Each structure stands twice: as C-alpha cells, then as structure tokens.
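For ligands, and for the atoms within them, numbers begin at 1 and follow the listed sequence. When reading the values below, keep in mind they use all heavy atoms of this one structure, side chains included, and skip hydrogens, waters and symmetry mates. Just so you know, these numbers come straight off a predicted model, no measurement behind them.
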Amino acid sequence: MHLHRSTAWRRASTIAILLTGSCLSAAASNPSLAARVLDPLPLGSISPKGWLQDQLQLMGDGLAGHEHDFYDYVADSSWLGGSSEYSDLNEGFPYWFNGLVPLAYSLGDTRLKDQVSQSVNYVLSHQQSDGWLGPETDNSTRNFWGRFPFFLGLAQLAEAENGTDASTQVLDSMHKFITLMHSMLEDNYLGYVSQSGQNIDDQWGRARAADMILGLQWLYEHDPRSDTQVIFDCMDLLYEKASNWSDWYTDSLYIKQDLDTVPVNITDYYYPFEHGVNVGQGLKFGAVIQRLTGQTSFGDNARTAVDWTFQYHGQPSGGVIADERLSGLSPVRGVELCSVVETIYSLNYLYQTLGDVEFADRAELAAYNALPVMLTPDWWAHQYVSQTNQPISHTFDSDPFYNVNTAGQHFGLEPNYPCCTVNHPQGYPKFVSNSFVRSGDNGIAHALLGPTSVNTTTNSGVSVTISVDTLYPFSYELAYTVQSTDDFDFYVRVPSWASSSSTISINSETASQVQADSSSGLHRVAVSKGKTSILYTLDTDLRVTDRANDTVAIYHGSLLYSLPIGEKVTSYSSNVTGAPIGVEEYEYYPTTTWALAIDPSTLEYNGASSDATLSNPIWSLNAPPVTITATVCEINWNLTGGYAPNPPLKADRKCIGDSFQTKLVPYGSARLHIAEIPTLSQT
Ligand SMILES: *[C@@H]1O[C@H](CO)[C@@H](O)[C@H](O)[C@H]1NC(C)=O
Ligand SMILES: *[C@@H]1O[C@H](CO)[C@@H](O)[C@H](O)[C@H]1NC(C)=O
Ligand SMILES: *[C@@H]1O[C@H](CO)[C@@H](O)[C@H](O)[C@H]1NC(C)=O
Ligand SMILES: *[C@@H]1O[C@H](CO)[C@@H](O)[C@H](O)[C@H]1NC(C)=O
Ligand SMILES: *[C@@H]1O[C@H](CO)[C@@H](O)[C@H](O)[C@H]1NC(C)=O
Ligand SMILES: *[C@@H]1O[C@H](CO)[C@@H](O)[C@H](O)[C@H]1NC(C)=O
Ligand SMILES: *[C@@H]1O[C@H](CO)[C@@H](O)[C@H](O)[C@H]1NC(C)=O
Ligand SMILES: *[C@@H]1O[C@H](CO)[C@@H](O)[C@H](O)[C@H]1NC(C)=O
C-alpha cells in the first residue's frame, strides 16, 4: 500500500539518506520520522508555580473554566448531542477541548478534569460505526478539519492518563478513526479536498494539515500498534494535497508588502496563506514535513517562514498583524487572539524540532506580551483583535480592519467572532506543558523560562524533579531545586537578549558565566545524583528597536513596554445569547494623555527590588514591579473614527507642552497602550 503511494519527494529523501548515512531507517516499507533536537514531555509532568499557577487558576475560574457550563458552542455543541454551531465546520468544541485538556491536567483541577472526561466520554461513546468522530453522519458533510484540534486534545489526554482505561479508550478510538481517515483519503481525498473543486470549501483542512500530520506523528511515536503503514499513508496523503507553506515562503510568491495594496482574490490557491490564524498554524509546517520526509530544506523553509512573517507582518508584542487577512506593519491594524495562541504553539514545536533559540525567544515574547494584553485581568473577557497603539477600547465609529467589525476590539464574551472564545484557552496551558523538554540521552532542559516544576525521567531513565522559584519575566533570578536518582545533564536556555554577564552558580559556589550553545541557546550544567540547588541570573540591557515612521518599540528582557495610560473601565451585562448574569462586556477609556512623543536617549530601567512579590492578577495596570523611566511630551495626535490613527509623521511632530518624566509599563499589563511610540528629541 505504501509503495504505490511512494511519491517523488519520499524517493528523494531515501536517496539523500543513503548518501548522508543519516540515522533514519528510510526503506519505504519501514518508514520513520526524523529526530527532533529536543523532545516534549508528557502532559502532566510539568506544573505551573508562582504567577503562572495564578494565571492558570484565573483561567479555570474565568471564561475557559466555565464555557462547558453555559457557552452554547461548547455546552450545546453538536459534538455533545446539542445543536449549536457557529459554522458548518463544527470546530467550536474541538478548539475548546484542545485547550481544556492541558488546562485541567496542568492545574490538576478535578472540576475541569470532569468537564474533559464527561465530554470525551460522550464523543467516544458516539463514535460512528465506520469510525468517524463527531456529529456529521454522511460523507458529503464530513470535513476533517474540526478533527485536527480534537485529535491534539485526545493525544494530550492519552498522555496525561497514560496507563489507565481512559487512555486506552482514547487510543482505541484514534486508531478506529485513522483507519476510516485512510479509506476516505484513498477515496479521492474525501473529507479533505473539495469534491466540487472549489478551494474555498476545503481551505481550512488543507491550510492546517500540519496539525493533523503532527497528531499522526504523535500516534506513531506513542502507540502505533499495527497501524504504522496506515499512519504514514495518511501523513503522505495529507501532505500531498496540503496548502504548501514551503512553496509560499519563497521569494517569487510571498507577499512582503502591505497587503492593502494587493487585490484580494478568494478563488486563488494562495488566498488561504494570507489568513492570520492559518499563518500562526502554518509556521510549523516546514518542521512537521521535515520530520516526515527527512529533508532539512523544509526546516530551513520554516526558518524563513518565521523570519518573513515577523519582518513584514509582525507586531512588536510577538503577534502577527492580520485582522483576518495579513496587512503590513501599521500599529492601527489588528492582531487576532487565535493567531497569538497558535503562533505560540507553533513556535514551541519549532524549537523542539529544529532547536533554534530564536523560536523559544519568540514564544516567550508572544506569551508575555501579545497574549495577556488581550484578556481582562480576570480572564473572563477577551478582544478579537488588539492594536499596537490602542489608547481606547470600545466600539469604533469607523472600521480600520480588513474583515473585523467595529466591535472586534472591545473586551467581551465573543467580540465579532466566537472562534477565539473557544480557542484562546490553549495559550498558557500549552506554554507551561512545553516549558521543560528532554535533551539528548540524559538531559532535561528549561526551555521556556518562568515559574514551573517538573517531575520526569531523562530519555535514559534517570528520575528528576526540578522546581523553579522565580518572578521571571519580572525579575532575572531563577532559583532551581533539583533532585535526581543519578547524574544527569541540566540545561537552561539563555535567551538571545541575555548579555555575557549572565551567570549560573551551583550549590552556592562561585558563579560562572553562562556559555550558551550558539544554536539552541542551551547552557549545560552537569548535575550529580541527589539534591542540587542552582541559581541562574540573567543580565540584559534595554533594547530600542525602530518601527515604521520614526517610532520605537522598547524592550527589557522578554517584556515590551508601553506608555502608561490611565484606564476608566465601564461594563454592561453581556447581551450575547445565553450569557449568564455576571458575564460582562467592557469598554476602556483613557484618563491620561496618550498622545505623547518619547526621547529614547532618556530611558532608564527600574528593576524589581530583591524582596518584590507579584500581585494576582499580575497582568493588570501597575501590578508588575518593573518600569522604564522616560522623558516625553504631548504632541498633536487625535482619535479618528474612534481609534488612534498612525502617529503624525516626524516633520509634523512638535511638543505642545513641557517635557516630563513618565514610567513605561509592561505591555501585557496595559489594555490601553501605545507601543510604537513616536520619537522626538527633547534634550
Ligand atoms: C465514507 O467514505 C468512506 C470511504 O469511502 C467509507 O469507508 C465510509 O463507510 C463512508 N461512510 C459513510 C457513512 O458513508
Ligand atoms: C505511556 O508511557 C510509556 C512509558 O513511558 C510510553 O512509552 C508511551 O508512549 C506512553 N503512552 C502514551 C499514550 O503517552
Ligand atoms: C512543496 O513546496 C516545496 C518547495 O517549493 C517543494 O519542494 C515540495 O515538493 C512541495 N510539496 C508538494 C507536496 O507539492
Ligand atoms: C484569481 O485566482 C484564480 C485562480 O488562481 C485565477 O484564475 C483568476 O484569474 C484570479 N483573478 C484575478 C482577478 O486575478
Ligand atoms: C507610514 O506613514 C505613511 C504616511 O502616513 C503611511 O502611508 C504608512 O502606512 C505608514 N507605515 C506604517 C507601517 O504604518
Ligand atoms: C514524581 O512522580 C512520581 C511518579 O508518579 C511520584 O511517585 C513522585 O511522588 C513524584 N515526585 C514529586 C516530588 O512530586
Ligand atoms: C449589545 O449591546 C451593545 C451595547 O448596547 C450593542 O452595541 C450591541 O449591538 C449589542 N449586541 C447584540 C448582539 O445585541
Ligand atoms: C486635535 O484636536 C485638537 C482639539 O480639537 C485640535 O486643536 C488639533 O488641531 C487636532 N489635531 C490634529 C492633528 O488633528
């Protein structure tokens, strides 16, 4: 079966492997996956601590943890026997499930685990006799796409419940499903490629194929049974008809300019490549296909994908600027919450697969800036899109976005579209569950810095527990308590922004400078059996990066900083159908002047004091214990259409009042913010 599917690319990879003598066992009858640089740990091995624990608990107590109780697209989903769907893609429940599983198991929260088990029991016990998962009963209405996030949720659940009947049931149903998937894909790509030939009908599954191929790779590596051939055939068939991101990220096709200057053509094959959430998901495509084909050119293409996406369409906070469609670099344009969480997930997969430190740096940037700024501090309300320069959050008078309405920038239950209501919960839980990884035969690495703990084994079987006490990213000291049954290699990631005076000290001995691997950014510490304490102290400087039209973005460590803007918050009971009493929609109005220009030569960082503690919620105005002092003055710059337009050009800027000192605050804590700040010399 596999042989007749053996396509040109697989033959090419076989030849390449024979030539280079790579460790892949490449015979087509015995397929395998190319190795990763770093291996993920099973869900449940890592727990949040400190402020990350508070954050996940806020999610559990907030919207994410209550959608199963009241939100129709979850509670009354057609997947659970109900009838509420926001589109015929039936993706609402799968999105929610993919985020709730890691939230419930990272927190170890019984109520949330019950939501997961009740809903998965319903879906599995209603698996159709031919193996289909989900409510669609005949092939003409079956679209694989909604299964992709559901499969990722199932994989996480099978890991967290490994060894129990619940895990076996999940795996049984996955095998039954992929057998059907295989026969459907062999049957003219049923459920995947539109039988009408209109690419608009099947764009989601094909643009997001990497997510399903990744799920199949997981199954092959955790529980292949006798289905190895079926799994590889499915991956090959999906890849053959996937929207080919590796093609898109080439000079002749990729759109580098402002897309407002490029006509929209929704029937074009390349149209789905312009969609923001597709882009976030598609960033991992090259790495997923490198694992499948063994060809490193795909991994290199994924590097290009990340470089170009952020160079031409990246927001300083780590998100992708696309109010549905990519635009250019204007601070007026929107970054969608779904695309932020998908981007973080893709970047983690990229770091594990390809090992470049930049991917982890970018995952932290988005997780510590782009994500928290889009939710209210209590994690009950969110924006559909945020703007880099956002001195007000409400319903606009006119619409600056491509396909997001004037209400899409306010905070609420489902501003404009419901997809981010169900998809946002994966953000922090997956960030936590990817924060530690296995490295090599006998190593554990702290990949994403922040307060978490891990209880696991190295690939060679040494049991290790590591607990990290830190206020990071609000401070730069990470104190590790390590316990291991034998010697092992411990690694810490040294972010690219860290200076060479970053140090590490073991058991209170003299600190030595970190020596990061130039590719992975990992610094190795040889740890002896027993208990070890490690103090890792990062050192860094302020970073000022130029943005469009003489504006700057200002960073210290992983945090982007914004002009501080006083907030007046008003709210009203949500009028979204089915919203219970207590669920609110919010408007944020500025109480201080936001039309300011900055003199970048005046910046001074005010770090956290050594006895600082973090309040909960930490992503709240004036809560973080860090600021940057700056000299600013007011300029002429007014709202138009109810939002802040592009800042006045340099030639039109002058101080209209005295210069004064202000304190910039972390962007993630400032729902009202200006983060591409116009510059003006004031000395
Ligand atoms: C859908 O198509 C597949 C492949 O042709 C087939 O195996 C399956 O039985 C069909 N299911 C239904 C409900 O028609
Ligand atoms: C369960 O744990 C075993 C032993 O670590 C591992 O080999 C297997 O892949 C795990 N299965 C799942 C479904 O995670
Ligand atoms: C995808 O694009 C890459 C780069 O152009 C090419 O090498 C590869 O063969 C394409 N894959 C498929 C399935 O067409
Ligand atoms: C839109 O794309 C289709 C498919 O590639 C193409 O046939 C058509 O000419 C394009 N239309 C315009 C206006 O460019
Ligand atoms: C820079 O300013 C020009 C002139 O106002 C404007 O057309 C352009 O969109 C701005 N660029 C960005 C990236 O905001
Ligand atoms: C680590 O996990 C093992 C196996 O589940 C358990 O026995 C042990 O108590 C855990 N250790 C800690 C410190 O949580
Ligand atoms: C909800 O109320 C707001 C404010 O009164 C209004 O602008 C909006 O149109 C209403 N939305 C719905 C779905 O009724
Ligand atoms: C902003 O509004 C003020 C007060 O209405 C007005 O004097 C000023 O000219 C406006 N500035 C611009 C750039 O429109």
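A side-chain hydrogen bond (donor to acceptor under 3.5 Å, both in side chains) with Tyr270 holds for exactly one of Asn265, Asn244, Asp247; it is Asp247.
The distance from ligand 2 to the heavy atoms of Asn162 drops below 4.0 Å at these ligand atoms: 1 (C), 2 (O), 3 (C), 8 (C), 10 (C), 11 (N), 12 (C), 14 (O). Close approach to Thr267 involves these atoms of ligand 4, each under 4.0 Å from a residue heavy atom: 1 (C), 2 (O), 3 (C), 4 (C).
Judged by the 6.0 Å and 45° rule, Lys284 forms no cation-pi pair with Tyr349. Cation-pi geometry between Arg208 and Phe148 is not met at under 6.0 angstrom from the ring centre and within 45 degrees of the axis.
The ring of Trp132 has its center no closer than 6.0 angstrom to the ring center of His126.
Residue Asp268 touches ligand 4 through backbone and side chain together, judged by heavy-atom distances below 4.0 Å.
Less than 4.0 angstrom separates atom 7 (O) of ligand 4 from none of the non-hydrogen atoms of the protein. Note that atom 4 (C) of ligand 2 has no protein non-hydrogen atoms nearby, at separations under 4.0 angstrom. Counting only heavy atoms, the protein gets under 4.0 Å from atom 14 (O) of ligand 8.
Looking only at protein heavy atoms, the nearest one to atom 9 (O) of ligand 8 is Asn636 OD1, 4.1 Å. Protein heavy atom at the shortest distance from atom 2 (O) of ligand 4 is Asn265 ND2, 2.4 Å.
The environment of Lys654 atom NZ is sparse: at most 12 non-hydrogen atoms of other residues, nucleotides or ligands sit within 6.0 angstrom.
Salt bridge present: Asp260 and Arg333 bring a charged side-chain N and a carboxylate O closer than 4.0 Å. Salt-bridge check for Arg225 with Asp172: passed, with a basic side-chain N closer than 4.0 Å to an acidic carboxylate O.
The closest non-hydrogen atom to atom 12 (C) of ligand 8, taken over Asn638, Thr640, Ile635, comes from Asn638.
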